[in-house]
Structures are given as structure tokens and as C-alpha cells.
Amino acid sequence: MMHRPSLQRQLLAWTLGSLTLVWSVFMVIGYMTGVHESDELTDGHLASVASLLLAQPNTSFRERVDVTELGVAPGLKAHDYQKSLSVYIWDQEGEVIEKTGPAPEPSYDAEEGFSTLSLGNPPQQWRAYSRWNAEDHARKITVLLSIEEREALAADIATHVAAPGLWLIPFVAIVLTLAVRRGLRPLMELSARVRALDVNHVNQLHAPPHEEFQAMVDAIENLSGRYQAALRHERELADAFAHELRTPLSSLELHASSLRGALSPEKYEAALGQLEHAAARTTAIVDDLLALARASRTELADAAQTLDLAELVRDIVVEFAQAAYESKHELAVSGPNYLLVRGHPVLLEIALRNLLTNALGHTPAGTVVEIRLNDDPLEIRVCDDGDAKKTSSEAAQTGAMVVGLGLGHQVVQRIAAVHNGEFVATGPDACGWRCYIMRLSIGDQSDSQG
Amino acid sequence: MRILVIEDDAGITHGLNLALGQQGWAVDSVDTLAKAWAALKTESFDAILLDLGLPDGDGTTLLKKLREAPKGGTPDPSTPLLIMTARDQVAARVRALDMGADDYLTKPFDSSELAARMRAVRRRSMGRSEPTLRRGKLVVNPSTRQVHMADKLVELSVREFGVLLALLEASPRVLSRQQIETSLYRWSEALESNAIDVHIHHLRRKLGDGLIQTVRGIGYFVPEDTGP
């Protein structure tokens with residue numbers, strides 16, 4: 001099974017990744033701030049001790065060697081921040097008059113203020129603060145703190161500042177994961193509905209009502225609707241073709257089987273005539289079918305050629321003259337003398353033949369059938385005044401046919417679509433004129449002359 | 001058997017007239033629902049052959065109307081009806097059968113199959129399951145159109161066979177001359193006034209006097225078997 005990327009996983013990865021990054025930066029900054037603050041704190045402590053001791057009277061100091069390390073003696077409270085400060089006090093001659101703490105003796109000549117000294121053997125780093133008493137420069141004091149202790153304090157403070165962040169990260173990650181999953185639920189629902197969408201039956205997606213989905217939902221429903229309309233149209237066309245093909249085939253079958261039985265000479269001849277008629281009708285339908293099957297917009301681009309639509313119309317009308325005479329119809333053509341267009345001549349011929357066949361076949365004797373050719377907009381109209389000539393019962397029958405749009409009209413509709421056009425029926429108007437209009441969007445190639 | 005064909009295509013109608021006529025059946029045809037209803041209201045038919053796509057509507061409307069007609073009147077709501085159409089979808093077949101059609105044939109169809117189905121729906125409508133009709137030593141097979149009397153084949157003309165079949169199918173009811181005529185002749189056929197009497201005479205000569213009985217002033221009938 002193909003592994004597909006998951007939007008939810010991707011969103012979680014980005015969210016948690018970003019969170020971890022930001023969190024790490026905050027923790028580093030917190031740690032550094034902890035170190036910095038602890039440095040300032042210990043420096044301030046050194047300075048405070050120095051000030052406090054210098055404020056003591058001179059007699060308070062005498063040299064002591066029994067230094068007791070703070071925090072080691074029993075009974076004394078060992079606090080985390082209780083550090084082992086070392087103090088050296090010199091007189092004006094540079095004699096140590098007071099000393100406490102474990103630090104090796106620093107140089108008497110060291111400058112006043114803060115400094116980091118390397119003392120002892122092996123050398124150790126010490127943070128020191130030195131100053132003279134302000135009144136008479138009789139005593140110099142240096143307060144020292146081991147850098148190691150100072151850094152331990154800094155690390156302790158920094159760790160306490162940053163530790164909550166470390167504990168919080170997994171908790172925030174879990175909460176974020178749940179939030180992302182919950183937030184994506186409408187999208188998951190939409191995804192499930194799209195996956196379950198049966199375009200053959202349902203138009204409505206019934207998607208979650210979120211604004212962000214609206215454009216997509218509209219587009220899907222629109223596509224689904226168009227697909228269903230196309231499917232319906234194809235089914236109707238297939239039904240129409242099936243009906244039209246099966247009818248002459250039935251006639252062929254029945255007449256062929258009846259010819260095997262006993263028939264009078266007249267019935268035999270009539271059966272043969274019907275066989276020929278049904279065969280011709282089947283051939284015409286198959287021709288239409290093949291032409292339509294080959295017709296597509298892509299093919300039109302290849303097969304399109306410049307043709308005189310006016311001449312094509314006249315030629316076909318001439319072919320129908322005898323049929324119109326026999327059925328007592330009057331044929332007429334109006335429009336420009338020539339009209340050059342780019343189109344599929346065979347398909348246009350089929351369309352016009354279908355319209356004329358329908359007009360002659362479904363209107364009563366005496367009907368005027370007029371083919372009107374227009375260049376702007378480009379259209380072929382096949383109009384008849386059959387409704388004005390019909391008896392009431394004929395009118396009822398034709399009405400039903402027109403509403404149903406038979407195969408001929410389906411074919412014309414398809415051909416018009418292939419030519420980027422449309423097929424519409426209008427009327428009948430007050431005078432009984434009904435028009436079938438094939439509009440084409442193929443453009444004329446030159447100016448027509450009327 | 002008299003059949004009403006309701007079909008708007010002239011070619012198919014012509015073919016059906018020939019094919020069903022060769023079976024010895026009388027076929028009348030109309031091309032719209034309105035004409036069909038008018039015919040059904042005035043004439044009695046043994047079976048109806050109905051196309052669905054007609055110029056003035058869908059054939060199922062006539063089917064529905066026919067099946068909803070009052071019993072015992074004209075048209076007879078129990079008249080066997082067979083649908084013939086180009087619509088081959090299952091849904092269309094189911095719908096038509098559920099609405100009361102007795103059978104459904106998709107175009108194009110074989111004429112012998114059509115005839116067999118017509119005989120079957122006719123048989124069912126009369127409550128018979130046997131394909132042959134028997135009376136004493138007489139055996140009549142409507143599908144092969146063969147008649148045997150005491151195991152001997154009897155040659156009958158198309159009309160004689162039609163009269164015999166009508167009487168056997170109606171047995172023991174008495175059929176008037178007019179009822180026999182309507183089951184044998186189309187609207188367009190000219191008929192001699194004594195044509196049925198002549199056919200009965202020929203049948204009695206070929207099958208014996210005891211089979212077909214006369215009820216004076218009314219018509220003819222074939223009595224049921226009364227014993228072994």
C-alpha cells in the first residue's frame with residue numbers, strides 16, 4: 001500500500017517542531033540570564049561583605065588561623081546559597097591583619113574593584129573584590145569566592161529558572177496534538193464525505209459549514225452536478241439511439257420471418273418494400289452514430305475546414321425538394337449568398353438533414369419549411385408554420401414529440417456543441433411558426449454577401 | 001385470437017400484421033393512445049400488444065387506465081397485455097410488469113418468440129397451464145397449429161382452426177356468431193354473412209358432429225368432457 005503524506009502529521013510536526021525551537025531559545029536565554037544574575041548576585045555579595053568589614057573598628061581584627069569553614073561545623077545550617085567567602089585584611093604596610101576562609105592569599109598590590117584571580121598550587125580561579133577603607137587608607141580588604149562555587153550557584157539558579165520549561169514541553173505537546181486533531185476534524189469529515197460521494201446519485205456534499213471549505217464544496221458540487229447532467233444526457237442519447245435502432249431492426253426481423261411463411265404476392269412485395277425501408281433507415285442511423293462517435297471538439301480542430309455554409313444549405317435543400325413535393329411541403333431558403341465558416345462539413349450536413357427530416361416528417365401537408373441562415377450571430381434556423389396548419393389532434397401529437405426531442409434533435413444538439421454552439425427550439429408564435437435554431441461559435445472567415 | 005397492436009411505427013405495425021396474421025390471428029392496429037382507448041372501449045380483444053413510446057404519451061398510462069377499468073365492462077381490465085419496447089433497462093421492465101403488464105419484450109424480437117409469448121399470456125389469462133387443449137379424443141396444439149382426432153392428424157384451414165380454438169378456449173360457454181367473428185377477423189376485412197356457419201359445417205365434417213353443439217338463436221359451444 002502506498003504511503004501517503006498526512007496533513008495532520010505534517011501539521012503536528014511543524015507545530016511541535018516550532019514549539020520546541022522557541023522553547024529551546026527561551027531555555028537558553030533563561031539559563032544565560034540565570035548565570036548572569038548569579039554572577040551579579042555573588043559580586044554584590046563580595047562588595048557587601050567588604051563594605052561591612054571595612055565599617056568595623058580597627059581593633060576588631062586580629063590574625064586568626066583557626067578558620068572554620070561555614071556549613072561544615074555541626075549545628076550550623078548549610079544553605080544552598082551559603083557560600084565559603086574568604087577575606088583578607090591588610091594594614092598600610094601590607095601585613096595581613098585578618099584572614100578567614102580557604103582562599104590562598106592574594107597579592108596585596110591587586111587593584112581595587114572586581115577581578116578574577118588564579119591562586120594556589122594547583123592554581124584555582126577565584127572571584128575577588130578589593131578596596132581600601134575610604135577614610136584613611138589604613139586597611140585594605142579583599143573578599144574572595146571560589147569561581148567553582150560561583151559557577152555551581154549560577155548553574156543551580158539557571159537550572160531552576162529553565163526546569164519548568166523542560167517539564168512543560170511534553171504536556172504542551174500532548175495538548176497541542178489533541179487540539180490539532182480536534183481542529184482538523186471538520187477537514188477529516190469533509191474528506192470522508194468527498195471519499196464517500198457517489199456522483200451518480202448525490203449532488204449535495206453536506207459538508208461541514210466552515211467558511212474555508214465553501215469554495216471547494218461549491219466546486220465539487222458544481223462538478224458533480226455537471227457530471228450527472230453529462231451522464232444523464234449520454235443516457236438519454238443512448239436511449240434515443242437504442243430506440244431508433246431497434247425500431248427498424250424489429251421491422252427487419254418481423255418482415256424477414258414473415259417472408260419465410262406463406263404470403264400472397266401483394267403481401268410478399270409489401271414485405272420486401274418494408275425490408276428495404278427498414279434497412280435504409282438502419283443505415284442512416286448507423287451513419288449518424290458513426291459521425292457522432294467520431295465527432296469531438298478535438299477532432300473538429302483537425303477536421304475543420306473552411307466551407308461555404310450558404311452553399312451547403314442550398315445543396316441540402318435541393319436534395320429535399322422531391323421529398324417536400326411528395327409530402328406537399330413548401331421549402332424556402334433565406335440568408336446570405338455565401339458565408340465562409342470553419343466547421344465540420346459532414347456534421348453540419350447531418351444536423352441540417354435531421355432538422356429538415358423532422359420538419360417534413362412531423363408537420364402536416366401544406367406547411368412552409370424555411371431555412372434561414374444568419375451570419376451575425378452565426379446560426380441556421382429551420383422554421384415551419386406547421387402548427388397553423390394542424391388539426392387539433394395533430395397538434396397534440398406534435399406537441400408531445402417536440403417536448404421529447406427525438407434522436408434527430410439530440411444529434412443536432414451534439415453537433416452544435418461540437419461547434420461550440422447550442423441548439424434551441426422556439427415557438428410556436430402567434431402565427432404558428434416554430435423554429436429550431438442551431439447557433440454556432442465557429443466564426444465566419446470573410447464578409448458574406450447577401 | 002384477436003389482437004390489438006398499439007404501435008406508432010408503420011414498419012413494425014406492418015411486420016406484426018404479417019407475422020401474427022400468419023398465426024391465424026386477427027390483428028388490428030392503432031398508432032396513438034387515444035385511438036387505442038377508443039378501440040378498447042368499443043371492441044373486445046383477446047390480447048394487447050403495446051409499445052411504450054407513443055406520440056401522445058407513454059404506453060404505461062394506457063396500461064394503468066386499462067387495469068383500473070371496472071370489471072365486467074368494456075374495456076375488460078383483465079385483457080392480457082404484452083409490452084414491446086426499445087427500452088431495455090431493468091427498471092422500466094419492472095415498472096411495467098408491476099403496473100400489470102403480463103409480459104415484456106424488448107425490440108428487436110423474433111416473431112416466433114412473440115407468438116409463443118402471446119399464446120402463453122393467453123393461456124395464463126384463461127387459467128390453463130397445458131400448452132394443448134383436449135376434448136375427448138381431440139387434441140389441439142395452438143403453437144404448432146396441429147389438430148389430432150383419435151391420434152390422426154386432421155387438416156384444418158386457418159379460419160377453421162381459429163373457430164375451433166375460440167370455441168375450445170371459451171368452452172363450455174356459448175359463443176355467438178359475432179363473438180366468433182370478432183376473434184377471427186380484422187376491422188378492415190369484409191365478411192360473408194354465413195362465413196361462421198360454413199366454418200362450423202366444415203369442422204363438423206372433419207371432426208364429427210358431436211364436438212360442436214348449436215344453441216339455436218344464440219350460437220355454438222363445445223361441451224366439457226362429462227366422463228371417461
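Computed from heavy atoms alone, side chains included, the values below leave out hydrogens, waters and symmetry copies. The model shown is predicted, which means the values in this text are computed figures rather than measured ones. In what follows, chains carry the letters A, B, and so on, assigned in the order in which the sequence lines appear, proteins first and then strands, with residues in each chain numbered from 1.
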- Message: Distance check, rounded to the nearest 0.5 Å: A:Thr247 atom OG1 versus B:Glu7 atom CD?
- Response: 6.5 Å
- Task: Calculate, to the nearest 0.5 Å, the distance between atoms CG and CG belonging to B:Leu20 and A:Leu254 respectively.
- Result: 8.0 Å
- Residue A:Ala278 versus chain B: region with a heavy atom under 4.5 Å: neither
- Item | More than 12 heavy atoms from other groups under 6.0 Å of CZ on A:Arg193 | yes
- Checking B:Asp110 against chain A: side chain, backbone, both or neither under 4.5 Å from a heavy atom? both
- Message: For A:Glu326, I'd like to know if atom CD has over 12 heavy atoms of other residues, nucleotides or ligands within 6.0 Å.
- Response: yes
- Message: Test your reading of the model: is there a side-chain donor-acceptor pair from A:Gln274 to the backbone of B:Gly15, 3.5 Å cut-off?
- Response: no
- Note on the structure: Result for side chain to side chain contact (heavy atoms under 4.5 Å, CB included) between B:Pro108 and one of A:Leu252, A:Leu249, A:Leu245 points to A:Leu249
- Query: A:His255 versus B:Leu18: any side-chain heavy-atom pair under 4.5 Å?
  - Reply: yes
- If you measure from OG on A:Ser257 to CD on B:Glu113, what distance do you get to the nearest 0.5 Å? 11.5 Å
- Note on the structure: Rounding to 0.5 Å, atoms CD (A:Glu253) and CG (B:Leu114) come to a distance of 10.5 Å
- Query: At a heavy-atom separation under 4.5 Å, does A:Ala270 approach chain B through its side chain, its backbone, both, or neither?
  - Reply: both
- Task: Measure B:Thr106 against the heavy atoms of chain A and call it side chain, backbone, both or neither at under 4.5 Å.
- Result: side chain
- One should read off an interatomic distance between A:Arg246 CZ and B:Met84 CE, to the nearest 0.5 angstrom, of 14.5 Å
- Message: As an exercise, state the distance from OG of B:Ser111 to CZ of A:Arg260, rounded to the nearest 0.5 Å.
- Response: 7.0 Å
- Please report the shortest heavy-atom distance between B:Gln22 and A:Ser258, naming the atom on each side. NE2-O, 2.7 Å
